[in-house]
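So you know, we letter chains A, B, ... as the sequences are listed, proteins then strands, and number each from 1.
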Number of protein chains: 2
Amino acid sequence: MNDVAATGISVLLVDDHPIVRQGYRRVLESQGDLHVVAEADNAADAYGAFKAHDPDVVVLDISMPGASGLEAIRNIRARSPRARILVFTMHNEAVLVKAAFSAGASGFVTKSSEPSAVVNAIRSVARGERAMSDDIAHILAEDSLSPTGSVLDQLGEREIEILRQFAGGATTEEIATHLNLSVKTVQNYHYLIKTKTGARTDAQLVRLAATCGLTKI
Amino acid sequence: MNDVAATGISVLLVDDHPIVRQGYRRVLESQGDLHVVAEADNAADAYGAFKAHDPDVVVLDISMPGASGLEAIRNIRARSPRARILVFTMHNEAVLVKAAFSAGASGFVTKSSEPSAVVNAIRSVARGERAMSDDIAHILAEDSLSPTGSVLDQLGEREIEILRQFAGGATTEEIATHLNLSVKTVQNYHYLIKTKTGARTDAQLVRLAATCGLTKI
DNA sequence: TTGCAGCTCGGGCAAATTTCCCAAGCCGGA
DNA sequence: TCCGGCTTGGGAAATTTGCCCGAGCTGCAA
């Protein structure tokens with residue numbers, strides 16, 4: 001890892017939208033101490049870029065098409081346990097946050113955060129601290145207090161990922177392709193999710209995902 | 001409207017994520033001819049900002065929480081028919097694209113597009129042309145729809161009623177009972193609605209109903 | 001160490017639904 | 001009158017659902 005104090009903080013940006021990456025890059029580099037040394041637009045490339053550039057911090061959006069971003073976190077951390085990963089996404093569900101941290105993320109900030117909060121989170125993570133935006137802290141706090149958690153708490157990581165894609169409009173085959181699963185498995189998850197959540201209709205599932213903040217409409 | 005040739009193109013950015021807005025701002029302003037004169041983070045503020053700054057182009061993400069971005073498009077266009085609105089979002093469902101254009105958008109580009117495609121789309125829209133990214137053009141082409149009318153305008157009264165109940169979470173049998181129809185008829189309507197709107201999954205149908213204000217979630 | 005529990009992944013198979021194509025009655029407009 | 005549209009449903013093939021099953025894996029606890 002580089003000497004942060006002397007050279008600033010090197011950042012690997014992982015997001016599937018080119019213009020979004022370019023925007024972040026400009027925002028971060030305007031800070032002076034942050035340098036984007038590489039970009040990746042999918043989870044598969046993320047580790048390669050990480051290895052090639054050894055960045056101080058990986059800033060990564062977990063809602064990418066294809067393999068789950070959580071997968072990417074585990075992937076990187078498994079092979080480089082010292083990696084610092086800051087999850088940066090539009091999602092703000094407690095289950096997702098918890099999943100990200102237990103996958104090995106060092107921080108979690110939402111895109112609703114002020115830019116200053118984001119860059120400060122990057123600096124914190126680079127120092128080895130844990131970081132999260134205020135809204136995330138609030139959500140985790142509420143979550144830990146409520147005895148009956150969100151419906152989503154009943155769901156496993158895979159189930160949540162499949163629910164998100166399904167509610168986003170993806171077909172069963174598309175989800176199977178994205179996640180490299182058999183159609184049958186996705187169908188089974190679909191059924192399991194319905195029984196676990198009590199949804200009797202696909203429409204109810206979509207509404208559930210929307211009210212839980214898993215999907216935006 | 002400003003003199004585009006002399007002053008460049010003034011842009012109003014509407015997106016609910018502050019850092020995303022700031023990123024776009026920097027990308028756009030690095031172009032020289034594009035100037036972000038205002039930002040808004042929700043549909044409600046968008047029209048106020050539009051009126052206050054009279055931008056050449058509104059660049060707007062329709063996937064905002066709360067009120068529909070489509071509503072914002074209609075809102076602006078109803079009161080300022082000369083407004084040029086470029087939808088810029090991560091969604092690429094044919095129904096959404098159609099809904100956006102029939103709501104009065106001048107262009108539709110996805111966030112998967114190259115930054116150069118986005119800025120070119122802004123310039124096209126500023127000239128009064130229609131613009132869309134390549135992926136959107138492909139999706140629309142495959143969808144091969146009749147370019148007239150709002151998505152809901154294609155639907156008959158019965159179809160809209162069935163869509164509303166379906167999106168509200170009712171099963172096919174429940175709808176049949178409510179409306180005193182055979183299950184078969186409701187199934188046929190369900191299928192017809194999907195083909196007419198271009199929705200490929202039930203989830204897309206629910207999203208469509210929600211974005212059109214047919215259902216609230 | 002063993003064992004249990006829970007997640008993940010998929011096969012199987014009957015029942016149900018979806019997907020299309022079709023027909024017929026009704027009604028309003030040219 | 002005829003055309004076009006909405007509404008209502010049948011039929012048959014294709015697909016999905018509902019539910020049950022087992023197997024591999026991981027973490028955790030005794």
Heavy atoms under 4.0 Å, any strand shown: does T172(A) hit a base, just sugar-phosphate, or nothing?
nothing
Check ion pair R21(A)-D16(A) (N to O, under 4.0 angstrom)
no
What nucleic acid atoms does E173(B) come within less than 4.0 Å of, heavy atoms only: base, sugar-phosphate, or nothing?
sugar-phosphate
With K196(A) via side chain to side chain contact (heavy atoms under 4.5 Å, CB included) - residues at least two apart
Q154(A), L155(A), E159(A), L192(A)
L192(B) CG - dT8(D) P separation (whole Å):
12 Å
Gap between atoms CZ and P, on R158(A) and dT26(D) respectively (whole Å)
15 Å
Could you list the residues that satisfy salt bridge (Lys or Arg N to Asp or Glu O under 4.0 Å) with D134(A), not counting sequence neighbours?
none
Between which nucleotides of DNA chain C, read 5' to 3', does contact with chain A run, using atoms under 4.0 Å from its heavy atoms?
dT8(C) to dC13(C)
Inter-end axis angle, the helix from dT1(C)-dA30(D) to dA30(C)-dT1(D), with every axis fitted to five base pairs (rounded, 10 degrees):
30°
How would you list all residue pairs meeting ring pair (Phe, Tyr, Trp, His ring centres under 6.0 Å) that involve residues 165-194 of chain B, not counting sequence neighbours?
F166(B)-H190(B)
Please give, in whole Å, the distance from dT17(D) C1' to H190(B) NE2?
14 Å
Identify, residue by residue, the members of residues 177-189 of chain B with a heavy atom below 4.0 Å from DNA chain C, and return them in order of residue number, or none.
K184(B), Q187(B), N188(B)
